[in-house]
Amino acid sequence: MAEQFWLMKSEPDVFSIKDLSERPKQREPWDGVRNYQARNMMRDTMQLGDQVLFYHSNCNPPGIVGIAQVASQPYPDPTQFDENSNYFDPKSSQDKPRWILVDVAYVGTFERMVSLQEMKEMPELKDMRVLQKGNRLSITPVSKSEFQAIAQAGGWGK
DNA sequence: GCCAACGTTGGC
DNA sequence: GCCAACGTTGGC
């Protein structure tokens, strides 16, 4: 399959790209997703090695701060079984897990953040899913040209 | 903190 | 299956 690209949102107060870069293996299960569309993309469409734009949400300013990649096959999100977790789901079971995730690995941090504001001003990104009004999905597909435009704006790969 | 947009729940 | 009520997201 051709290489694919994604945007994944994370609140930096909860889990930032710096947190990812400081993990011992620079990799982390992308847990806590409790939206079926986002789950389905991790479960059904993501492939090992897919490139990910790491987006900081619910902060000031929001925007894309770096690059990660898909680092595992899909598997059940362990937090859904943990009664002490905020992400515990009493309707899920080991037999029939409801929530599926992939691991994400650190690739690099941009020289400079590409803010949401800037993204809205880039003509190459006018059709980008995450910029459409009312979009709240935490995982969205990104085209290769969109990915490249953002990476370049972030000073990546020079 | 506000609130628009959207997803989920549950009564019927 | 409809839809009102409610909860969450996330920019501002």
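Order of the sequence lines fixes the chain letters, A, B, ..., with proteins taken first and strands second; residue numbering starts at 1 for each chain.
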query = With distance as the sole test, does A/N40 use its side chain to make a donor-acceptor pair with the main-chain N or O of A/Y36 at under 3.5 Å?
reply = yes

Aromatic ring pairing A/F15/A/W30, orientation class (parallel under 30°, perpendicular over 60°, tilted between) = perpendicular

request  = Report yes or no: does A/Q80 contribute a side-chain atom to a donor-acceptor pair with the main-chain N or O of A/G32 at less than 3.5 Å?
outcome  = no

remark   = Ordered by number, residues from residues 85-93 of chain A within less than 4.0 Å of DNA chain B (heavy atoms) are A/K91

query = Can you pull the salt bridge (charged side-chain N to carboxylate O under 4.0 Å, His left out) pairs that have at least one residue in residues 52-79 of chain A, sequence neighbours excluded?
reply = A/R34-A/D77

message = Under 4.0 Å, heavy atom to any atom of DNA chain B: which of residues 31-39 of chain A qualify?
response = A/Y36, A/Q37

query = Going 5' to 3' along DNA chain C, which nucleotides are the first and last within contact of chain A (any atom under 4.0 Å from a heavy atom)?
reply = C/dG7 to C/dC12

key: Pairwise side-chain contact, A/F88 with A/P90, heavy-atom cut-off 4.5 Å (strictly under)   = yes

query = Going through the checks in order, is the side chain to side chain donor-acceptor pair (under 3.5 Å) test met by A/Q152 and A/Q148?
reply = CA-CA 6 Å; A/Q152 184 176 11; A/Q148 288 174 336; over 6 Å; no

inquiry  = Would A/D19 and A/S16 count as a side chain to side chain donor-acceptor pair (under 3.5 Å) here? Give the steps.
reply    = CA-CA 5 Å; A/D19 294 329; A/S16 70; 3.3 Å; yes

message = Could you check whether any side-chain N or O of A/R98 sits under 3.5 Å from a backbone N or O of A/D89, counting only pairs where one atom can act as donor and the other as acceptor?
response = no

A/Q26 side chain to A/E22 backbone, donor-acceptor under 3.5 Å = no

inquiry  = Is it the case that atom CG in A/D44 sees more than 12 heavy atoms from other parts of the structure closer than 6.0 Å?
reply    = yes

message = Among A/H56, A/Q117, A/M113, exactly one meets side-chain contact (heavy atoms from CB on, under 4.5 Å) together with A/P61. Which residue is that?
response = A/M113

request  = Mind listing the residues from residues 130-139 of chain A sitting with a heavy atom below 4.0 Å of DNA chain C? Number order is fine.
outcome  = A/R136

request  = Quick one: which residue pairs count as a side chain to side chain donor-acceptor pair (under 3.5 Å) with a foot in residues 60-76 of chain A, not counting sequence neighbours?
outcome  = A/Y75-A/D103

